[in-house]
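We count residues from 1, following the sequence as given. Worth knowing before you read on, the calculation uses all heavy atoms, side chains too, and leaves out hydrogens, waters and symmetry mates. Each ligand, and each atom within it, is numbered from 1 in the order the structure gives. Predicted model, so just to flag it, every value in this text is computed and none were measured.
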Amino acid sequence: MEKKVIYSAVQPSGNLTIGNYVGAVRNWVRLQSEYECFFAIADMHAITVRQEPAELRRRTLELAALYIACGINPEECALYVQSHIPAHAELTWVLNSITYVGEASRMTQFKDKSAKHAENVNMGLMDYPVLMAADILLYQTDCVPVGADQKQHVELSRDLAIRFNNRYGETFKVPEPLIQKGGARICSLQESTKKMSKSDENPNAAVFLSDDRDTIIRKFKRAVTDSDNCIRFAEEKPGISNLLQIYCAFKGCTMPEAEREFEGKGYGDFKLAVGEVVADVLAPVQEKQRQLLADKKQLSEYLSVGAERAFKAARKTLSKVYRKIGFWRE
Ligand code: TRP
């Protein structure tokens with residue numbers, strides 16, 4: 001039987017947080033042998049908000065190295081840079097012609113980003129979900145592992161696939177979102193009900209995969225808790241519960257096990273233990289990333305192998321699309 005196809009991507013804007021690691025990249029590693037995987041570095045999405053060119057270039061490579069350092073095997077998956085595959089832009093143009101301005105302007109993220117970047121509400125920002133639909137549909141994707149914030153975009157991809165298939169005949173597979181549930185939601189260390197975000201203005205809110213040991217431990221030391229001095233998972237204790245979840249995710253233990261381990265202990269010791277386990281897990285990942293970045297030739301070789309595989313799959317779908325919509329070709 002043919003393997004099912006998984007597609008996901010991350011933008012090379014900003015640093016990845018431990019939330020991205022637990023909620024996204026680490027799960028992809030688990031999926032890679034079971035599915036045919038396409039993982040992209042979404043540089044074309046990134047430019048919908050202003051980027052410093054040198055920084056975008058650096059972050060693209062850093063993200064590629066990080067994916068591999070986290071355990072993505074570039075010989076098993078197609079790991080590639082989105083802008084290396086022209087078909088993404090080409091399919092976007094076709095899909096634009098079946099996307100209504102109304103539905104694009106109703107996207108929650110578009111509305112949020114328009115408010116945040118009021119001085120730069122560009123066409124790309126509105127077209128962002130259509131480009132994302134092109135990413136997904138080009139590879140005849142079955143499942144799209146994403147965070148809850150991207151679910152609406154995957155739903156638009158489904159709508160566009162169905163609309164196109166109805167109008168022009170069966171062309172695209174209709175993808176399903178694969179939303180990680182439960183323990184995957186890691187919150188800000190400063191506002192425990194808000195998702196940990198790489199763009200948070202408070203420098204102590206997020207722990208980045210690039211943070212060194214001292215920084216990690218310091219951030220956990222400053223994490224907000226409560227005055228109850230009891231380490232247990234409870235809705236009315238969002239700060240402690242978040243730290244416990246992070247502990248479980250990095251230690252690989254269950255919540256009852258973690259609660260038992262810290263029974264009767266003080267918050268200070270607990271926060272230190274959380275910081276230490278996170279730092280211990282990240283240290284080898286950071287070391288591997290450093291090694292990969294030191295050998296740019298090897299790294300770009302990995303990315304071109306990925307691009308080659310992506311290119312073939314994408315071409316096949318795009319040719320079919322062009323034929324169906326009536327683009328003449330000899
Ligand atoms: N928009 C996604 C995000 O910011 C990244 C992305 C781009 C993506 N293309 C995709 C995710 C296709 C899944 C599938 O998180």
Side-chain angles (χ1 to χ4, degrees), residues 4-17 19-28 31-32 35-49 51 56 59-60 63-64 66-67 72 77-85 87-92 95 99 104 107-113 116-117 124-161 172-180 184-186 195-200 206 209 306 310 313-314 317:
K4 290 202 167 183
V5 175
I6 286 221
Y7 189 96
S8 202
V10 173
Q11 297 187 59
S13 50
N15 293 322
L16 292 196
T17 70
N20 300 122
Y21 178 70
V22 171
V25 184
R26 205 173 61 166
N27 296 314
W28 300 359
L31 299 166
Q32 66 183 343
Y35 293 85
E36 181 171 0
C37 295
F38 293 90
F39 296 132
I41 297 165
D43 55 349
M44 292 166 70
H45 279 101
I47 61 163
T48 58
V49 301
Q51 302 291 334
L56 180 62
R59 287 201 158 130
T60 298
L63 186 55
L66 188 61
Y67 274 139
I72 298 289
C77 308
L79 172 64
Y80 72 99
V81 179
Q82 186 186 29
S83 64
H84 292 182
I85 311 296
H88 290 255
E90 293 168 307
L91 182 60
T92 300
L95 294 178
T99 308
M107 293 287 128
T108 312
Q109 197 172 71
F110 170 65
K111 289 193 277 188
D112 291 349
K113 285 194 181 170
K116 198 169 158 200
H117 304 276
L125 200 58
M126 188 161 163
D127 214 16
Y128 179 113
V130 183
L131 175 60
M132 192 165 146
D135 295 346
I136 296 167
L137 301 181
L138 271 176
Y139 299 94
Q140 304 294 347
T141 300
D142 294 281
C143 298
V144 189
V146 281
D149 63 321
Q150 295 296 312
K151 187 161 173 249
Q152 197 182 33
H153 292 162
V154 180
E155 263 146 25
L156 179 72
S157 309
R158 290 171 57 84
D159 291 345
L160 294 179
F172 296 120
K173 174 146 312 154
V174 180
E176 300 279 347
L178 192 71
I179 310 286
Q180 205 58 40
R185 192 184 145 94
I186 287 188
K195 187 180 149 188
M196 185 180 282
S197 160
K198 55 186 175 188
S199 49
D200 203 305
L209 297 191
T317 302

- [ ] Please list all pairs passing the salt bridge (Lys or Arg N to Asp or Glu O under 4.0 Å) test where one or both residues lie in residues 36-47, with sequence neighbours left out.
- [x]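 Every pair satisfying salt bridge (Lys or Arg N to Asp or Glu O under 4.0 Å) with a residue in residues 36-47: there are none.
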Open item on the list: Quick test of your reading: applying salt bridge (Lys or Arg N to Asp or Glu O under 4.0 Å), list the pairs with at least one residue in residues 137-154, sequence neighbours left out, ordered by first then second residue.
Closed with: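 Checked against salt bridge (Lys or Arg N to Asp or Glu O under 4.0 Å) - neighbours excluded - the pairs reaching residues 137-154 are D142-K173, D149-K195, K151-E155.
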TODO: Output the set of protein residues with a heavy-atom contact under 4.0 Å to ligand 1, ordered first by chain identifier and then by residue number.
DONE: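 Shell around ligand 1 (4.0 Å, heavy atoms): Y7, S8, A9, Q11, A42, H45, Y128, M132, D135, I136, V144, V146, Q150.
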Open item on the list: Between H153 and F110, is the ring centroid distance below 6.0 Å?
Closed with: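 Ring-ring flag for H153/F110: false, centres at least 6.0 Å apart.
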- [ ] Start with the C-alpha distance between Q150 and Q109, add both sets of side-chain angles, then the distance that settles side chain to side chain contact (heavy atoms under 4.5 Å, CB included), and finish with yes or no.
- [x] CA-CA 8 Å; Q150 295 296 312; Q109 197 172 71; 3.1 Å; yes
Task: V146 side chain near I179 side chain, heavy-atom distance below 4.5 Å - done: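 Yes, their side chains come closer than 4.5 Å.
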Open item on the list: The criterion is salt bridge (charged side-chain N to carboxylate O under 4.0 Å, His left out); which residues satisfy it with R26, sequence neighbours excluded?
Closed with: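 For R26, no residue satisfies salt bridge (charged side-chain N to carboxylate O under 4.0 Å, His left out) once neighbours in sequence are set aside.
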